[in-house]
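Being a predicted model, the structure only gives us computed values, none of them experimental. For this chain, numbers begin at 1 and follow the sequence in order. As the structure lists them, so they are numbered: ligands from 1, and atoms in each ligand from 1.
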Amino acid sequence: NGKTVGICGATGAVGIEIISVLAERKFPVQKLVLFASSRSAGKIVPTPFGDVKIDLFSVEKAAKLDYVFLAVSGDFSLQFAKELAAVPNGPVVIDNSSAFRRDPEIPLVIPEINGSVLLSKEGEDKFVSKLIANPNCTTAIAVMALWPLHCEFQIKKLIVSTYQAASGAGAEGMEELREGAHEFLAGKTAVNKVFAHPLPFNLIPHIDKFQDNGYTKEEMKVTWETRKIFDEPELLVSCTAARIPIMRAHSEAISMETVRPVNIERARELLAQADGVDLVDNPDRLEYPMPMNATKKFNIEAGRLRKSLVFGDHGLELFVSGDQLLRGAALNAVLIAEFMENPRAVPQFTKKRTCKFAVSRETAV
Ligand code: 11C
């Protein structure tokens, strides 16, 4: 029962990772179809599933597949995703862009947290939607650590400061950092086209467009998407997002206020047990989450747990690092496909420990 799988944006940073993750997770790929722009069309790409000739996308071609991953712009997704997902017996469409994340009709999914929102009440092999949105990388990495804590202590307020890698701006962003670092070290001024300012040896507190409220869209995504994934529309979330000269893992300092008092040892235990999370929290041995160690890992790292000086017993501080291209994009997308193949195969935190506070989860699982 092999599956036919298509990737749109197959030559981009996320598209390339999706191919690797499909192989590493042993997703039953019977045939892989790679779509990219006319610049790459016709090229032969070696993949773990054999050599594949890059094709130009059309809805007719993609409609014949079982799964289509969209790792392209939001405009492309807006143009084609709904049409493709509406084809009778057509593919499941997993969209990595922000186009549908806030659409109340489209599930926004991290399988281990809220995969159950995909399940139709008609039975386990029936799903509520064939178009599924993959979250923003910054949100996805943070909520892996936050969900188990929320289920135990009920998070009331979140203040997040991010340290985001160049890969969030795609292969071009990574290239600009690599080239710019060489230029900088050679005593030249690093040229910036992708980023608002030169990134090497710098920090840019600006990711995506500024909004009317003074936050950037990247920062607002953390608020909007955390609320939707947790099914907590009132959760207070404030984020400051900064780009730093790191290649592909995002880090985040997170402060929270909780409804219930926090026991730090219990918080450590919860994170040590959580699927998709590695607890790295031994300051005595200089062990804490770092982007260098989180790079190319499926699990995110969480550590630096401590009682908050601001929120006291009802507060917790922590630090997370996670691979932007994996949990933040390709891995999560492939896990969604795995969940659609067999919901029981994906570890689901909600099944082991029902969240006491998100009422809809209790009824859903
Ligand atoms: C960044 N988080 O680091 C962005 C990239 O909404 O999918 C992902 C943008 C998105 O620049």
Side-chain angles (χ1 to χ4, degrees), residues 7-9 12-18 69-78 81 93-103 106-110 131-144 160-177 180 192-197 199 202-211 215-229 237 239-254 291 294-295 300 320-336:
I7 301 172
C8 286
V14 173
I16 290 168
E17 290 299 325
I18 292 175
F69 293 94
L70 299 181
V72 276
S73 70
D75 288 343
F76 183 99
S77 298
L78 281 173
V93 180
I94 301 169
D95 180 32
N96 201 55
S97 83
S98 60
F100 302 104
R101 292 181 191 147
R102 297 181 69 203
D103 184 332
I106 309 296
L108 174 66
V109 173
I110 296 203
L131 171 56
I132 302 149
N134 207 36
N136 171 269
C137 41
T138 312
T139 313
I141 288 163
V143 296
M144 289 306 293
V160 181
S161 302
T162 76
Y163 310 79
Q164 297 184 216
S167 58
E172 297 81 7
M174 295 162 88
E175 192 49 32
E176 186 166 302
L177 174 59
N192 60 295
K193 287 194 190 126
V194 176
F195 301 111
H197 300 274
L199 186 57
N202 195 12
L203 177 154
I204 307 170
H206 167 195
I207 300 177
D208 211 331
K209 295 189 179 62
F210 280 99
Q211 310 289 289
Y215 284 81
T216 63
K217 194 168 177 197
E218 178 75 3
E219 291 162 351
M220 290 313 299
K221 284 175 187 173
V222 176
T223 303
W224 297 328
E225 297 181 21
T226 305
R227 287 176 170 175
K228 185 166 174 180
I229 294 164
V237 184
C239 177
T240 302
R243 185 80 69 200
I244 60 163
I246 290 279
M247 210 46 92
R248 59 175 277 175
H250 285 359
S251 300
E252 304 174 49
I254 306 176
T295 293
I300 66 122
V320 297
S321 293
D323 190 300
Q324 186 270 329
L325 294 172
L326 291 175
R327 172 51 71 176
L331 172 68
N332 199 74
V334 171
L335 285 175
I336 291 172

N/O to N/O under 3.5 Å, ligand 1 against protein:
from     : atom 1 : to     : atom 2 : distance (Å)
ligand 1 : 2 (N)  : Asn136 : ND2    : 3.1
ligand 1 : 2 (N)  : Glu218 : OE1    : 3.1
ligand 1 : 2 (N)  : Glu218 : OE2    : 2.6
ligand 1 : 3 (O)  : Gln164 : NE2    : 2.9
ligand 1 : 3 (O)  : Arg243 : NH1    : 3.0
ligand 1 : 3 (O)  : His250 : NE2    : 3.1
ligand 1 : 6 (O)  : Arg101 : NH1    : 2.7
ligand 1 : 6 (O)  : Arg101 : NH2    : 3.4
ligand 1 : 6 (O)  : Asn136 : ND2    : 3.1
ligand 1 : 6 (O)  : Lys221 : NZ     : 2.5
ligand 1 : 7 (O)  : Arg101 : NH2    : 2.7
ligand 1 : 11 (O) : Gly168 : O      : 3.3
ligand 1 : 11 (O) : Arg243 : NH1    : 3.2
ligand 1 : 11 (O) : Arg243 : NH2    : 2.6

> salt bridge (charged side-chain N to carboxylate O under 4.0 Å, His left out): which pairs involve residues 162-175, sequence neighbours left out?
Replying inline: Glu175-Arg178

> Just checking, is any N or O donor in the side chain of Asp323 or Thr295 under 3.5 Å from an acceptor N or O on the other one?
Replying inline: no

>> Side chains of Thr162 and Glu252 only: does a donor on one sit below 3.5 Å from an acceptor on the other?
In response: no

> Cut-off 3.5 Å, side chains only: do Asp95 and Ser97 have a donor facing an acceptor?
Replying inline: yes

> Any luck finding a side-chain donor-acceptor pair between Thr138 and Glu218 under 3.5 Å?
Replying inline: yes

>> With rounding to the nearest 0.5 angstrom, report the CH2 to OG1 distance, Trp224 to Thr139.
In response: 10.5 Å

